[in-house]
Each structure stands twice: as structure tokens, then as C-alpha cells.
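Before any comments, here is the structure.
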Protein chains: 2
Amino acid sequence: MRISELSRRSGVSIPTIKYYLRDGLLPPGRATAANQAAYDEEHVRRLRLIRSLIGVRGLSVSATKDVLAAVDANQGDLHLLLGLVLGALPVERSGRPSRSGPEEGSERDAEPVAERDAGGAVDDVAALTAEMGWQTSPNPPAAQVISETLATMRALGVDYDWRSLVPYAELADRTAQLDLDQLQDAGDPLQQAERALLLTVLLEPALLALRRLAQEHHSALRFRND
Amino acid sequence: MRISELSRRSGVSIPTIKYYLRDGLLPPGRATAANQAAYDEEHVRRLRLIRSLIGVRGLSVSATKDVLAAVDANQGDLHLLLGLVLGALPVERSGRPSRSGPEEGSERDAEPVAERDAGGAVDDVAALTAEMGWQTSPNPPAAQVISETLATMRALGVDYDWRSLVPYAELADRTAQLDLDQLQDAGDPLQQAERALLLTVLLEPALLALRRLAQEHHSALRFRND
DNA sequence: GAGCATTGGACAGTGGCACTACCCGTTATC
DNA sequence: GATAACGGGTAGTGCCACTGTCCAATGCTC
């Protein structure tokens, strides 16, 4: 098929498809002439996957590109694939250009919210993973997010350390096992790789949404004053 | 204190503080003259909170504004506050301008990724909340995220319905109870409201990060071929 | 085989967002 | 009384995800 049919089938406009082609998100079609190319079902599938990652999960175009490249490159080794995918993902649209302000003010009063660390939050994460018996790669981005969060909590006056997170970590552990349980059955390696991607990445907003529904329910039980 | 000291104490640049003042994120200082205003500790605190929500959690400026307004307006009623906060939050930077493409193509082949619904995903969420015994407001944004995710999963060929989410929902239920357990002790209503905000909103990236660490660990156990 | 729509490719433009820079008249401070 | 800092306003910046326009080269239709 050609680009107009690809557009119709996928629901993505032609200029956007061209944009994805330029950016390397979508592999080019098979060129049939100097200005003609043929696309196939795989392209339709890929486009839908792209739209899901960008639209539903909210990934940026460049993160989507990295994630898809990881899927393409390592269909065989699921562990390696997961590592690459999780490494390529920004955790929640972090990776901002970062603040301005006094970079390292000589003023001893300045406690600039501790975006790096405050009170050994990095050690805290090490303690937490040790407590859980988790073995991970040396310095995963996810660990940095956790230490950042802990540091921020403390900077804002909430008494929080790694011990506060242990119950959450246990629930996360069971969540992860649920995720992996669902990867056993799947067709060819590409299907399995895509499924892994969906179960880990696409499920993230849904899991947060479940937590919100549950929070609302329990909040009504506990706090509502009828 | 005046703006320069506020900037030093909070680590936020003066132009950015002015920007937050203009946008109503930060309440104005007490005006002492036509071009002079005084800020206090509460402003420092507020600025740090703002930076945490925007920087760590990744909220947009306008969402941050809505959330903070909810905190200010309803310090007394925690349930109402949580409802407002959860309502004001985008779930994962959704709320995109939405796609283009053929809006309602006459082509019967077009299945435009189903950003609204595909195969009764909305009913699925109703079934899920009924199964869990959750009682929530009529049509929470979180429910839409879940149905969107289910619809997308199915559109991509993954066999997924609300039953697949029940185990996750049970874990989410326990997570929410953990969250609310930590709200019992807290000082004045403002402190408690802020704490609720941090435990629900700021914790989100950290919870996803915990899941990722656990995924990496269990993936190594199951799939690594040494 | 003539004519018109479509194609692929390049490049410039758009709108939104989160700041950031500059200017100006006024006010503190030394 | 000079100099610095202040507040307030407007305009500009950089990035991102598209979107629009142009072009010569097909393809398809009659």
C-alpha cells in the first residue's frame, strides 16, 4: 500500500507519518521508484504502537524511538530487552533542562530543594534494594527517581526514609511478578517483545489510575463526613 | 524578606518567581510600597512545593496551580480535597490536542486505534470497580485512562479485559490503604493537606520506579541466560 | 499518450509551554 | 545623592510535536 492508505488504515495524518519516517520512528517503506514506496501491515501495526506509546502513555517522540529501537534490536533476549526499555524510558517526563537559580550559592542558608541529594537519599535506596533482596544494574534511572523523591519529601518537612517505602516496595514486587507472569505465553519473539513493552510501559498510567480509584474509595470510607 | 532573598532561599530564579506570581501559582507578597513587597517563610515553603510538583513529579504549571488552589480552598475536608486534587491531575500528561487524520472516515477498514473506546472498555471499568467494591464519583478521569488503556491493548492484539486487571486492582487497593494510613498523624489542616498532596501525587513516580526495579530483578531471575 | 491527482522528500511555519531578558520608573541603602 | 535592587510589564527564546507548502517525478485513467 502507499502512504495515503497507510494513513487511512492507521488514523494518522500523512504529514505526521512523514514526520515519523524522517525521525526514524517508522522504518521506510520498500522503494518501488524514485518517488514511490510500498508499506505493509507491519507499518500499520507499528504506527498504532507508536500512537499508543505517545498518546496513551505520553512518551516523547525521541523516547518512543529509543524504546522501539530496543525492541527491534533485541527480540531474542527478553531480559536485555527489558533492561534497555526501562533504561530508555524517562520515569515521568523528568529529564527537564533543570532549574536556574544560584548554582552553588555561597550563602549557607540556601537549601535548594535538594534535587540531587539531601541527607543520604542515595544510600537510602541502596538500603531499600538490599532489604528487598533486589539485584539490579549498578545505577538505574529508577533508583535516582526514588532518591530524588525521598530527598524532596525530607526537604519539605515530611519525615520519610527508605523504611517508609518498604511496604510499597513489597507491593511493587508483587506487581512486577504479575507483569512477568503474563510474558510466558506469546507467539514469536517480536510478538513477545511487543507484549513486554505494552505490559511494562503502557500499563503504567493504568496502574496509577487504579491507585487513584482506590484512594478515592478508601478516602470516602475514612474521611467523609456525611 | 524581599524577592532576592526569596530567590536565594528557594533556589528559584527571580524571573521565574515573577512568572509564578503572575500566573497565580505563588500568592503575592505583602505590598509595603508602590514597588516593594515582603515575602515570608510560607512563600519559601510554597516555592519548594511548587518546584517539587513541577520538577520531580513533572506536573505542568497550570495543573500545579489547580492542585495548589484545591489545597488552599479545602484544608478542612480531606476527602473533598483528595477528590479535587485527583480530579485536577492529568494522569500522565494526557490531554493532548488529540490526533488529526480522518475523523470519521467512511472507509470501513479504518480502526483509528480507538482512543475513545473499542469493545466496551468503559463497561469493563464499571465491571472492575464493581468487582472490587469500589465506590467512586460518577466518571473519574482515572477510569477513562483505564478504559483507554484496555481499548488500546485490544486494538494492538493483546487479549486483555478487566479480569486481567483484577490482581493489579487488589494491589492498588492495598497501596491506597498504605497511603491513607500515613495521613492520620499530622499537624494543622494545612500541614495535613500538603502531606496528602505529597503522598498521593509526589509518590507516583517513585512507585513506578519501584515497579521498574522489581521488574529488573525478577526479569534477571527468570530470563537471564548466563 | 495526455492530463490530472498522488507520491515522496525537503523545508519552513505554527502553537503551546516554561521560562528568560529587557526596560522603566520607583524605592531602599550606603 | 549615587548606586543598587525592586515590582511590574512586555517581548523574546528554545524546545517540541506536529502541520503546510512546494516541487519534480510518477501512476492511473481515459
Side-chain angles (χ1 to χ4, degrees), chain A residues 1-8 10-39 43 47 50-66 90 93-103 107, chain B residues 1-39 43 47 50-66 90 93-103:
Chain A
M1 79 188 79
R2 285 179 308 188
I3 201 171
S4 60
E5 191 179 346
L6 181 59
S7 170
R8 249 185 304 111
S10 64
V12 180
S13 74
I14 291 180
T16 300
I17 292 177
K18 288 183 175 184
Y19 167 63
Y20 290 160
L21 286 169
R22 266 202 310 285
D23 264 35
L25 273 180
L26 192 65
R30 186 174 41 85
T32 61
N35 61 343
Q36 222 73 30
Y39 305 93
H43 286 90
L47 259 181
I50 291 170
R51 290 309 307 167
S52 304
L53 293 177
I54 291 180
V56 177
R57 163 54 228 256
L59 281 189
S60 73
V61 167
S62 73
T64 304
K65 177 178 168 182
D66 294 346
R93 92 179 256 75
S94 79
R96 292 293 184 77
S98 89
R99 96 261 83 224
S100 55
E103 273 311 329
E107 202 69 28
Chain B
M1 80 189 77
R2 285 177 309 188
I3 203 172
S4 60
E5 191 180 346
L6 180 59
S7 170
R8 249 185 303 110
R9 296 276 307 279
S10 64
V12 180
S13 75
I14 290 179
T16 300
I17 292 177
K18 289 183 176 182
Y19 168 63
Y20 291 158
L21 286 169
R22 265 202 311 285
D23 264 34
L25 274 179
L26 192 65
R30 184 173 44 84
T32 60
N35 61 344
Q36 222 72 30
Y39 304 93
H43 287 90
L47 260 181
I50 291 170
R51 290 309 307 166
S52 304
L53 293 177
I54 292 180
V56 176
R57 163 54 229 256
L59 281 189
S60 73
V61 167
S62 73
T64 304
K65 178 179 168 182
D66 295 345
R93 94 177 256 73
S94 79
R96 291 292 185 78
S98 87
R99 94 261 86 213
S100 56
E103 273 312 328

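All values below come from the heavy atoms of this structure, side chains included, with hydrogens, waters and symmetry mates left out. Naming: A, B, ... by sequence-line order, numbering from 1 per chain.
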Assign each of B:Val61 and B:Gln36 to its nearest nucleotide of DNA chain C by heavy atoms, then name whichever residue's nucleotide is nearer the 5' end. B:Val61
Tell me the closest heavy-atom pair linking A:Tyr39 and A:Arg2, and the distance in Å. CD1-C, 3.9 Å
Reading DNA chain C from 5' onward, which residue's closest nucleotide shows up sooner: B:Thr32 or B:Ser62? B:Ser62
Rounded to whole Å, the CG-P distance (A:Leu47 to D:dA17) equals 16 Å
Taking C:dA21, C:dT27, C:dA28 as options, the one with an atom nearest any side-chain atom of B:Ala34 is C:dT27
Taking only the side-chain heavy atoms of B:Pro15 (C-beta and beyond), determine which of D:dC18, D:dG7, C:dT20 contains the nearest atom. C:dT20
Atom CG of A:Leu21 and atom P of C:dT7: how far apart are they, to the nearest Å? 13 Å
Rounded distance in Å - CD1 (A:Ile3) to C1' (C:dA10): 13 Å
Is any side-chain N or O of A:Thr16 closer than 4.0 Å to OP1 or OP2 of D:dA17? no
Protein-nucleotide distance (A:Asp23, atom CG; C:dG9, atom P), rounded to Å: 14 Å
Under 4.0 Å between a side-chain N or O of A:Ser13 and OP1 or OP2 of D:dT19? yes
Between B:Tyr20 and C:dA18, is there a contact of a side-chain N or O with OP1 or OP2 at under 4.0 Å? no
Taking all heavy atoms of B:Thr64 and all of B:Ile54, pick out the closest pair and write down the distance. OG1-CG1, 3.4 Å
Return the value, rounded to whole Å, for the distance between atom CD1 of A:Ile17 and atom P of C:dG9. 13 Å
Round to a whole Å and report the spacing from CG of A:Leu6 to P of C:dT7. 11 Å
Testing the basics here: between B:Ser4 and B:Ile14, what is the closest heavy-atom pair and its distance to 0.1 Å? CA-CD1, 3.9 Å
Nearest heavy atom decides the nucleotide; on that basis, is A:Tyr19 or A:Asn35 closer to the 5' end of DNA chain D? A:Tyr19
Return the value, rounded to whole Å, for the distance between atom CD1 of A:Ile14 and atom C1' of C:dT7. 9 Å
Given 3.5 Å as the limit, does a donor-acceptor pair link the side chain of A:Thr32 with the main chain of A:Ala38, or not? no
Which of D:dG27, C:dG8, C:dC19 is nearest the side chain of B:Arg51? It is C:dC19
B:Lys18 atom NZ is separated from C:dT20 atom P, nearest whole Å, by 14 Å
If every non-hydrogen atom of B:Leu26 is compared with every non-hydrogen atom of B:Leu6, which pair is closest and at what distance? CD2-CD2, 4.4 Å
